[in-house]
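Just so we're on the same page: letters track the sequence lines, and every chain starts at 1.
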Amino acid sequence: MLDPRLLRNDLARVAELLARRGVTLDTARFEQLEQERKRLQVEAQTLQTERNTRSKSIGKAKAAGEDIQPLLAEVADLGDRLKAAEQALADCQGEIESIALGLPNLPDDSVPDGRDEADNREERRWGEVPSFDFTPLDHVDLGARNGWMDFDLAAKVTGSRFVTLSGPMARLHRALIQFMLDVHTTEHGYTETYVPYLVNADSLYGTGQLPKFEEDLFKVPGERDLYLIPTAEVPVTNLARDCIFEADELPRRWVAHTPCFRSEAGSYGKDTRGMIRQHQFEKVELVQAVPEAESFAALEALTGHAESILQRLGLAYRVVTLCTGDLGFSSRKTYDLEVWLPGQQAYREISSCSNFGDFQARRLRARWRNPETGKPELLHTLNGSGLAIGRTLVAVLENYQLADGRVTVPEALRPYMGGLEVLG
RNA sequence: GGAGAGGUGCCGGAGUGGUCGAACGGGCUUGACUCGAAAUCAAGUGACUCGCUUGCGGGUCCGUGGGUUCGAAUCCCACCCUCUCCGCCA
C-alpha cells in the first residue's frame with residue numbers, strides 16, 4: 001500500500017508516477033473522498049470527545065450521590081448521532097482504502113518506461129551461449145528418455161500443467177534444491193526456514209496478492225478459507241508481520257524451499273509444452289527485510305546471490321530491468337534473470353528479484369526501531385527466486401545435453417548426485 | 001472429534017461497569033551516588049492516528065468482529081488462536 005500521507009499531500013505526483021505504469025488514478029474523485037473523510041473524522045471525533053467528557057461527569061456525579069437523571073437526558077441523542085457519524089466515517093474510509101489497496105507500488109526513478117517485456121532494459125549478460133554440432137532437443141524430448149519426465153502420467157493423476165519425474169531426474173531435481181539451499185545458507189548469510197504451504201487471507205493481503213489477484217491462487221475452502229502459496233514470498237515475508245525489530249536484528253535474510261501453486265488463469269495456450277509453466281513447481285526463495293537506507297544495496301546483493309547459482313551451474317543468462325509496464329504489482333524495481341534455453345533458442349525468466357520498498361511493510365506493519373529516533377519505522381522488503389527449480393532443471397538438461405541424448409551433470413551438482421557425471 | 005482452561009503493554013501478572021492506557025514486579029533509558037562497576041535511590045518508558053502545528057489539543061486500540069449501556073478490559077453473542085486431558089493419526 002502506498003503512503004496515505006503521500007496520497008493526501010502529493011496526489012498529482014502519485015498520479016503521474018502511476019501513469020508511467022499505465023494506471024489511471026481518478027484524482028478528483030480521490031480528493032473529494034479525502035475532504036469528505038477529513039470532515040467526517042473531525043465530526044466523529046468531536047462527538048467522541050463530548051461523549052467521553054459527559055460520561056465521565058456522569059460517573060463523578062453518581063459517585064458523589066447526585067441525581068444523574070438530568071445529565072442522562074442531556075446525552076439522550078448523543079449515542080445515535082455518534083453512531084451515525086462513525087458509520088459515515090467508516091464508509092468513507094472503506095471507500096478510500098479499497099482504492100488505495102488497488103493501487104500498485106510507484107516505480108523507482110531508475111525503472112525504464114515501457115508497455116511490456118519488449119521494453120525491458122538489458123543490464124548485462126554472463127556466460128557463453130553453448131553451440132552444438134547437432135540439433136539440440138528441448139527438455140521435453142530429453143526427459144522422455146527412459147520415462148524420466150512424464151506429462152501424460154501427471155495428466156492422468158491430476159490434469160494438465162503437472163509433471164512426474166522419475167529416477168535420476170527426480171534426484172537431479174532434488175539435488176538442485178539442496179545445492180541452492182546450501183549455497184545461500186553457508187555463503188550468503190540466509191537463515192534456512194521452513195514454512196506452511198497454506199496461508200490465510202491476511203498473509204496474502206500483506207504481500208499484495210489479495211485483494212486484486214485472487215484468480216491466480218488455488219483456494220482451499222473450509223471453515224476458514226486457506227490458500228495454497230503461489231510463492232514462498234507469502235509465508236516468509238509474513239514472518240515479519242506485526243513485528244518491530246531492533247536494529248541489531250537486521251538485516252533479516254531468509255531462504256526457504258517450498259512448492260508453489262499457481263492457477264495460471266489467463267495463460268491458456270502460453271507455454272503449454274513442458275515444465276516452463278506448471279500449476280505446481282518448486283522454488284528456493286530469498287527474502288530480506290532491511291532498513292530503508294540499505295534497501296537498494298540489498299536488491300543488488302540479492303540479485304547477485306541468485307546470479308551466483310547460475311554461475312556455479314555454468315548457465316548463460318542475462319539480467320534485465322523490468323520496465324514500468326512489466327513491473328509486478330507490489331514492486332518498485334525488479335531485475336529478472338533470464339537463462340538461455342537451447343531448446344527455445346531464447347532467454348527465459350528463471351528468477352525475479354524485487355525491491356518492494358515499504359509497500360508490503362505498510363500492509364504487514366513490519367517495522368524496526370530506528371535507534372536515532374527511537375521510533376518504529378517501516379522496513380523495506382525484498383525477495384527473489386534463488387532459483388526456480390523446475391526451470392533450472394530445464395536449463396541444465398537443455399544446456400548440458402549430449403548428441404546421444406544423455407546429459408552431463410554440472411560439476412557443482414555432482415556431490416548431490418552421488419558423484420554421478422552423466423545422466424543416462 | 002469430546003472435556004476443560006486461557007488470550008491484557010517488551011516480559012510476568014493484577015484488574016468483573018465509571019477519573020483504567022491500565023496496579024504491582026521485572027526489563028529498558030536517563031539522572032544521582034561511585035575512581036569505575038554492582039547494589040541502592042529518583043524520574044521516565046506502548047502502538048496507531050487526526051486537527052491546528054517549533055508546540056499543543058484530540059481520537060482509537062486490553063485476541064477479532066458485533067451487541068447492551070450515558071459510560072465496557074470488565075456484561076452478552078459469534079468467531080479466531082493458545083494450552084491441558086481423552087480419542088484418532090504421520
Side-chain angles (χ1 to χ4, degrees), chain A residues 1-11 30-31 33-97 100-101 194-206 210-211 220-227 235 238-250 259 358-379:
Chain A
M1 195 144 73
L2 297 176
D3 184 352
R5 283 193 200 94
L6 192 64
L7 280 167
R8 267 173 224 146
N9 301 332
D10 208 351
L11 189 61
F30 193 87
E31 256 164 6
L33 280 170
E34 252 309 309
Q35 280 178 11
E36 185 75 355
R37 189 220 97 234
K38 204 170 191 173
R39 186 180 68 75
L40 290 169
Q41 185 155 3
V42 170
E43 182 184 331
Q45 292 189 353
T46 306
L47 287 168
Q48 284 171 335
T49 310
E50 189 175 343
R51 176 204 58 195
N52 290 347
T53 50
R54 285 183 184 261
S55 292
K56 246 174 208 176
S57 59
I58 290 175
K60 277 185 197 164
K62 202 175 174 189
E66 294 167 21
D67 180 17
I68 59 169
Q69 277 310 317
L71 291 171
L72 287 182
E74 276 179 41
V75 294
D77 68 330
L78 192 59
D80 288 340
R81 285 195 297 153
L82 179 58
K83 203 165 278 183
E86 283 176 339
Q87 188 59 52
L89 176 62
D91 289 346
C92 184
Q93 280 177 327
E95 216 167 321
I96 289 172
E97 182 165 293
L101 278 173
Y194 174 79
V195 290
Y197 303 155
L198 285 164
V199 293
N200 57 36
D202 285 345
S203 292
L204 289 156
Y205 273 96
L210 290 178
V220 181
E223 290 176 21
R224 197 166 175 214
D225 289 341
L226 296 174
Y227 299 81
N238 272 276
L239 296 175
R241 192 166 90 210
D242 289 312
C243 285
I244 301 177
F245 292 105
E246 297 303 328
D248 62 10
E249 296 176 296
L250 298 175
D358 60 15
F359 188 87
Q360 292 182 326
R362 185 168 292 108
R363 295 180 172 216
L364 292 163
R365 297 167 301 281
R367 293 160 294 169
W368 70 295
R369 195 173 299 280
N370 185 341
E372 287 175 22
T373 61
K375 289 289 170 192
E377 293 178 12
L378 290 173
L379 285 163

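Both A:Asn52 and A:Arg369 lie close to RNA chain B; mapped to their nearest nucleotides by heavy-atom distance, the more 5′-ward contact belongs to A:Arg369. Residues A:Arg5 and A:Val75 both approach RNA chain B. Their nearest nucleotides, taken by heavy-atom distance, put A:Arg5 toward the 5′ side.
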Nucleotides 54-56 of chain B: which of its N/O atoms have a protein N/O under 3.5 Å away?
none

Please list, for nucleotides 64-67 of chain B, all pairs of protein and nucleotide N/O atoms separated by less than 3.5 Å.
none

All N/O contacts under 3.5 Å from nucleotides 6-8 of chain B to the protein, with atom names and distances to one decimal?
none

What's touching nucleotides 27-30 of chain B from the protein side, N or O pairs under 3.5 Å?
none

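Distance A:Glu86 CD to B:rG59 P: 12 Å, rounded to the nearest Å. The interatomic distance linking A:Arg51 (CZ) with B:rU68 (C1') rounds to 14 Å, in whole Å. Nucleotide B:rA47 holds its C1' atom 17 Å from the CG atom of A:Leu364, rounded to whole Å. Between the CD atom of A:Gln69 and the C1' atom of B:rC70 there is a distance of 10 Å, given to the nearest Å. As a whole-Å value, the separation of A:Asp202 CG from B:rG63 C1' is 13 Å. Atom CD in A:Gln93 sits about 14 Å away from atom C1' in B:rC61, given to the nearest Å. Rounding to whole angstrom units, CG of residue A:Asp242 and P of B:rG63 are separated by 15 Å. Distance CG (A:Leu78) to C1' (B:rG71): 11 Å, rounded to an integer number of Å.
When side chains are defined from C-beta on, A:Asn238 does not count as touching A:Val199, because their heavy atoms never get closer than 4.5 Å. You'll find the side chain of A:Ile96 reaches within 4.5 Å of the side chain of A:Glu34, heavy atoms only. Looking at heavy atoms from C-beta onward, A:Pro4 lies in side-chain contact with A:Arg362 at the 4.5 angstrom threshold.
No donor-acceptor distance shorter than 3.5 angstrom exists from the side chain of A:Ser55 to the backbone of A:Asn52, with no hydrogens or angles considered. For A:Asn370 (side chain) and A:Glu377 (main-chain N/O), no donor-acceptor pair under 3.5 Å exists by modelled atom type. Side-chain N or O atoms of A:Asp202 include none that pairs as donor or acceptor with a backbone N or O of A:Tyr205 at under 3.5 Å.
For the C1' atoms, the distance from B:rU69 to B:rU74 is 13 Å, rounded to whole Å. Taking atom C1' in both B:rC70 and B:rA78, one finds a spacing of 26 Å when rounded to whole Å. Nucleotides B:rA22 and B:rG44, compared at atom P, are 12 Å apart to the nearest Å. Comparing B:rC56 with B:rA72, their C1' atoms sit 30 Å apart, to the nearest whole Å. Comparing B:rA43 with B:rA47, their C1' atoms are spaced 23 Å from each other, to the whole Å. The P atoms of B:rA90 and B:rG6 are separated by 34 Å, rounded to the nearest whole Å. The gap from the C1' atom of B:rA14 to that of B:rU8 amounts to 10 Å, rounded to the nearest Å. A distance of about 14 Å separates the P atoms of B:rA5 and B:rC76, rounded to the whole Å.
Going from atom CD of A:Glu31 over to atom CG of A:Leu7 covers 11.0 Å, rounded to the nearest 0.5 Å. Taken from CZ in A:Phe30 to CD in A:Glu95, the straight-line distance is 10.5 Å, to the nearest 0.5 Å. One distance of note links CG of A:Leu198 with OH of A:Tyr227; it measures 12.0 Å at 0.5 Å rounding. Distance check: A:Lys56 NZ to A:Thr53 OG1 gives 8.5 Å after rounding to the nearest 0.5 Å. In this structure, CD on A:Glu50 lies 6.0 Å from CZ on A:Arg81, to the nearest 0.5 angstrom. One finds the CG atom of A:Asp358 at 10.0 Å from the CG atom of A:Leu379 (value rounded to the nearest 0.5 Å).
Considering every non-hydrogen atom in both A:Arg241 and A:Leu364, the closest pair reads CG-O, 3.1 Å. Heavy-atom minimum distance, A:Cys92 versus A:Leu40: CB-CD1, 3.8 Å. In terms of heavy-atom proximity, A:Pro371 sits nearest to A:Ala247 at CG-CB, 3.8 Å. The two atoms that bring A:Leu378 and A:Ala361 nearest to each other are CD2-O, 3.7 Å, heavy atoms only.
Pairing partner, B:rC83: B:rG4, with both Watson-Crick or wobble hydrogen-bond distances short of 3.5 Å. Across all strands shown, B:rG17 has no partner, as no Watson-Crick or G-U wobble contact with both distances under 3.5 Å is found. As the counterpart of B:rC88, no nucleotide is assigned, since no Watson-Crick or G-U wobble pattern has both distances under 3.5 Å. With a cut-off of 3.5 Å on both pairing distances, the Watson-Crick or G-U wobble partner of B:rC28 is B:rG44. Base pairing of B:rA72 is not made with any nucleotide, judged by Watson-Crick or G-U wobble geometry with both donor-acceptor distances under 3.5 Å.
Contact annotation for A:Arg365: no contact, since no heavy-atom pair falls under 4.0 Å across all strands. Residue-level contact check: A:Arg362 touches neither bases nor backbone, having no heavy atom under 4.0 Å from any strand.
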Notebook entry, point to check: How does each nucleotide of nucleotides 15-20 of chain B score, in 5' to 3' order, for protein heavy atoms under 4.0 Å: base (B), sugar-phosphate only (S), or none (-)?
Noted result: ---BB-
Next item on the list: Check the pair A:Leu71, A:Arg54 against side-chain contact (heavy atoms from CB on, under 4.5 Å), reporting the backbone distance first and the verdict last.
Entry: CA-CA 8 Å; A:Leu71 291 171; A:Arg54 285 183 184 261; 5.9 Å; no
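Non-hydrogen atoms lying under 4.0 Å from RNA chain B are contributed by A:Arg37, A:Lys38, A:Gln41, A:Gln45, A:Gln48, A:Thr49, all within residues 37-50 of chain A.
Ion pairing between A:Lys83 and A:Glu86 fails under the 4.0 Å rule for side-chain N and carboxylate O.
Of the candidates A:Arg365, A:Arg367, A:Arg363, A:Asp242 forms a salt bridge (charged side-chain N to carboxylate O under 4.0 Å, His left out) with just one, namely A:Arg365.
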